[in-house]
S.K.: 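The structure follows.
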Amino acid sequence: MSMWAASCILISQRIKRDEFGVETARETSRKVACNVFSVSDAAYYAAATVGIHPEAVLQLRKAAYQGERLVEFEGRRLSVERVDRSSADFVRLTLSEAVGDRG
């Protein structure tokens, strides 16, 4: 049995400039396994004091994370607010709602 409880999609954005100098964002995405952690009350309120509202904390293998700043999780597009690299094998991503993605 796998130790991973969920999966998420890591999204990287690359800006490309055409021959006229017009910039377009190009996205690539890949699905990775992750574990889901709850946001503690203390962490939530501490983040709220600086205007961040964390939605989820995901743990994934350090080798799987390549600095992506967007994550799709449970059908929602979230931005990476914090990356905890204190473990030798795993990273924890604190996610909040990406600005402008609410319907």
Side-chain angles (χ1 to χ4, degrees):
M1 181 153 94
S2 173
M3 68 179 255
W4 302 105
S7 64
C8 64
I9 298 172
L10 299 176
I11 304 166
S12 62
Q13 291 183 322
R14 208 167 129 194
I15 305 296
K16 206 158 192 192
R17 189 174 289 175
D18 66 11
E19 66 271 11
F20 302 110
V22 177
E23 294 181 346
T24 55
R26 187 170 175 179
E27 292 185 348
T28 56
S29 60
R30 56 197 176 82
K31 190 174 187 176
V32 297
C34 64
N35 284 321
V36 183
F37 291 84
S38 62
V39 178
S40 71
D41 289 342
Y44 181 85
Y45 289 113
T49 62
V50 293
I52 298 169
H53 299 285
E55 300 287 331
V57 176
L58 302 182
Q59 179 187 54
L60 44 123
R61 289 209 177 277
K62 198 174 263 191
Y65 183 65
Q66 299 172 355
E68 293 88 351
R69 302 306 301 168
L70 292 173
V71 177
E72 189 173 313
F73 180 65
E74 294 182 343
R76 297 179 4 183
R77 182 173 253 200
L78 304 168
S79 62
V80 177
E81 291 296 332
R82 180 173 179 264
V83 179
D84 178 1
R85 292 183 169 94
S86 59
S87 169
D89 298 321
F90 304 102
V91 294
R92 281 195 186 189
L93 307 178
T94 302
L95 308 175
S96 67
E97 186 173 35
V99 176
D101 283 345
R102 186 174 280 186

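One is the number of the first residue; the rest follow in order along the sequence.
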S.K.: Between R77 and E72, is the salt bridge (charged side-chain N to carboxylate O under 4.0 Å, His left out) condition met? List the steps.
M.R.: CA-CA 4 Å; R77 182 173 253 200; E72 189 173 313; 5.3 Å; no
S.K.: Given the rule that I, L, V, M, F, W and Y join up when any side-chain heavy atoms are under 4.5 Å apart, are Y45 and F37 in one cluster?
M.R.: yes
S.K.: Over all heavy atoms of both residues, which pair between D18 and V22 is shortest? Give the atoms and the distance, please.
M.R.: OD1-N, 2.9 Å
S.K.: State the OG1-CD distance between T94 and E55, to the nearest 0.5 angstrom.
M.R.: 12.0 Å
S.K.: Can you tell me how far apart OG (S87) and CZ (R61) are? Round to the nearest 0.5 Å.
M.R.: 9.5 Å
S.K.: Is there side-chain contact between R69 and V80, with heavy atoms separated by less than 4.5 Å?
M.R.: yes
S.K.: Taking C-beta and beyond as the side chain, do V36 and L58 meet within less than 4.5 Å on heavy atoms?
M.R.: yes
S.K.: If we ignore hydrogens and angles and just use 3.5 Å, is the side chain of R30 paired with the main-chain N or O of A64 as donor and acceptor?
M.R.: yes
S.K.: State, yes or no, whether a side-chain contact exists between V71 and Y65 at a heavy-atom distance under 4.5 Å.
M.R.: no
S.K.: Rounded to the nearest 0.5 Å, how far apart are CD of E74 and CG of L95?
M.R.: 10.5 Å
S.K.: Consider only side-chain N and O atoms of D84 and S86, and report whether a donor and an acceptor are under 3.5 Å apart.
M.R.: yes
S.K.: Find out whether V83 and R85 are in side-chain contact, i.e. whether some heavy atom of one side chain is under 4.5 Å from a heavy atom of the other.
M.R.: yes
S.K.: For the residue pair F90 and W4, does the interplanar ring angle fall in the parallel (under 30°), tilted (30 to 60°) or perpendicular (over 60°) class?
M.R.: perpendicular
S.K.: Sequence neighbours left out, cut at 3.5 Å: what donor-acceptor pairs do the side chains of residues 6-16 make with other protein atoms?
M.R.:
| from | atom 1 | to | atom 2 | distance (Å) |
| --- | --- | --- | --- | --- |
| S12 | OG | T28 | OG1 | 2.7 |
| Q13 | NE2 | E27 | OE2 | 2.9 |

S.K.: With a 4.5 Å heavy-atom cut-off, do H53 and Y44 have their side chains touching?
M.R.: yes
S.K.: Would a single hydrophobic cluster contain both F73 and V57, if residues Ile, Leu, Val, Met, Phe, Trp and Tyr are joined by side-chain heavy-atom contacts under 4.5 Å?
M.R.: no
S.K.: For residues V91 and L60, determine if any side-chain heavy atom of one lies less than 4.5 Å from a side-chain heavy atom of the other.
M.R.: yes
S.K.: Please name the pair of heavy atoms, one in V39 and one in P54, separated by the smallest distance, quoted to 0.1 Å.
M.R.: CG1-CG, 4.0 Å
